[in-house]
Protein chains: 2
Amino acid sequence: MRIGELGRVTCTQIETIRYYEREGLLAAPARTEGNFRIYDDTHVERLSFIRHCRSLDMALDEIRILLRFKDAPTENCGDVNTLLDAHIGHVAARIRELRALEGQLKSLRDRCHEAQDAAHCGILNELSQPSRQGATNGGGHVHGVHGGVRARYTP
Amino acid sequence: MRIGELGRVTCTQIETIRYYEREGLLAAPARTEGNFRIYDDTHVERLSFIRHCRSLDMALDEIRILLRFKDAPTENCGDVNTLLDAHIGHVAARIRELRALEGQLKSLRDRCHEAQDAAHCGILNELSQPSRQGATNGGGHVHGVHGGVRARYTP
DNA sequence: GCTTGACTCTGTAGTGACTACAGATTGTTA
DNA sequence: TAACAATCTGTAGTCACTACAGAGTCAAGC
């Protein structure tokens, strides 16, 4: 099959498939005479694996590790369990952070109930104060289980 | 004060301050003869406002809107409430998504209790199947209250 | 006056995981 | 043969920064 069909079968955009190839997650497939990529069922399986992992919000680096285990079936899988436990820990931590954030936002919202002029808006005035106990922000704009690239803001 | 002191006072990296200036969130300040930026208390207040908003995980575009209200104090602040309500909604939605994800990860983890060879690892085998009901993933790798730039994966 | 070291300047590139597009080529159907 | 779909490579953009390189500025000590 060609890239379009692989994309349809695995619900993956064509650019994403080529991106995975560039990133070394998907091996470079054979080509037709006209230089079109040709895939078979092994590619479907591998891409399904990757997409399933991504749907569970694993980072590509984590997926790389899991793929290495898939490629070495006699290896002991203990590290797979460890990786998954760590990932579950990250997700749980992010949930706790977001809940704290939600609480802060709701208490901020309570400062202004009816519309009035902006100069007297309790929300805007509160926001002008430095924030109290530092964001629980693990990666900026509610992103990033893993902390990620983004800066931590802890005033 | 110069940029270093502003950074210390507001717990903001120098590069971030310059970035906000480039982005138009912070007005370009006066300069010394030697071309150093000089800030005063109004800048401290404005930057504190921005950082406080960021610590609440608002996007810079949302903060831009709030700043417009701060700059027009006679305007009605009803839209501030609307924006905040929407933001709270996004956070709440992301928490729901992450909880669903946590459940999926835990049930995946249950498939392999003791370390064995990778070929028989229930986790790796399960991941090779296409994912069941599509990720609740609102932005890739547990990022993004706002959905953001990232792709949604819903197989 | 000179040196040292801290501070600041501009500009560019990198982060993650893609997405979007331009411009060219290939394949399929009428 | 022409039209059109599919694919190719390569580059740039997303968000909110961070990290440098290489140059210039400033204050304190000698």
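In what follows, chains carry the letters A, B, and so on, assigned in the order in which the sequence lines appear, proteins first and then strands, with residues in each chain numbered from 1. Worth saying up front: this structure is predicted, and the values here are computed from it rather than measured. Both backbone and side-chain heavy atoms feed into the values below; hydrogens, waters and symmetry mates do not.
Between the P atom of dA6(D) and the CD1 atom of I38(A) lies a distance of 18 Å, rounded to the nearest Å. Summarising the geometry, the separation between CG on L60(B) and P on dT14(D) is reported as 13 Å, rounded to the nearest angstrom. Here dG24(D) presents its P atom at 16 Å from CZ of R31(B), a figure rounded to the nearest Å. Rounded to whole angstrom, the span from the CD1 atom of I17(B) across to the C1' atom of dC17(D) amounts to 13 Å. One interatomic measurement links the two molecules: CG of L6(B) to C1' of dT8(C), which rounds to 14 Å at whole-angstrom precision. If you take CG of D61(B) and P of dC17(D), they are 12 Å apart, rounded to a whole angstrom. Distance CD (E5(B)) to P (dA27(D)): 14 Å, rounded to an integer number of Å. Atom pair I50(A):CD1 and dA17(C):P shows a separation of 12 Å (rounding to whole Å applied).
Comparing R8(A) and E15(A) by the nucleotide of DNA chain D whose heavy atom lies nearest to each, the residue mapping closer to the 5' end is R8(A).
Shown here are the salt bridge (Lys or Arg N to Asp or Glu O under 4.0 Å) partners of E23(A), two or more places apart in sequence or in another chain: R64(A). Take Y19(B) and apply the ring pair (Phe, Tyr, Trp, His ring centres under 6.0 Å) test, not counting sequence neighbours, and it matches no residue. D41(A) meets the side chain to side chain donor-acceptor pair (under 3.5 Å) test with no other residue; sequence neighbours excluded.
Closest approach of L101(B) and S55(A) over heavy atoms only: CD1-O, 4.0 Å. Annotation for L83(B) and E62(B): closest pair CD1-O, 3.9 Å, computed over non-hydrogen atoms.
Remark: R46(B) engages D71(B) in a salt bridge, criterion side-chain N to carboxylate O under 4.0 Å. A salt bridge links E45(B) and K70(B); the closest N-O separation between the charged side-chain nitrogens and carboxylate oxygens is under 4.0 Å.
Without hydrogens or angle criteria, R54(B) side chain to M58(B) main chain gives a donor-acceptor distance under 3.5 Å. A distance-only check finds no donor-acceptor pair linking the side chain of E5(B) to the backbone of R2(B) [under 3.5 Å].
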Exercise for the section: Show your reasoning for whether side-chain contact (heavy atoms from CB on, under 4.5 Å) applies to Y39(A) and V44(A). Expected result: CA-CA 8 Å; Y39(A) 298 96; V44(A) 173; 5.9 Å; no
Problem - Protein-to-nucleotide contact annotation, 5' to 3' order, nucleotides 22-28 of chain C [B base; S sugar-phosphate only; - none; under 4.0 Å, heavy atom] - result: ----SS-
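When hydrophobic clusters are built by joining Ile, Leu, Val, Met, Phe, Trp and Tyr residues whose side-chain heavy atoms come closer than 4.5 Å, directly or via intermediates, Y20(B) is not grouped with F36(B).
Within residues 18-30 of chain B, the residues having any heavy atom under 4.0 Å from DNA chain D are, by residue number, Y19(B), Y20(B). Remark: nothing in residues 39-46 of chain A comes within less than 4.0 Å of DNA chain C through any heavy atom.
Contact check, R37(A) against dT9(D): a side-chain N or O comes under 4.0 Å of OP1 or OP2.
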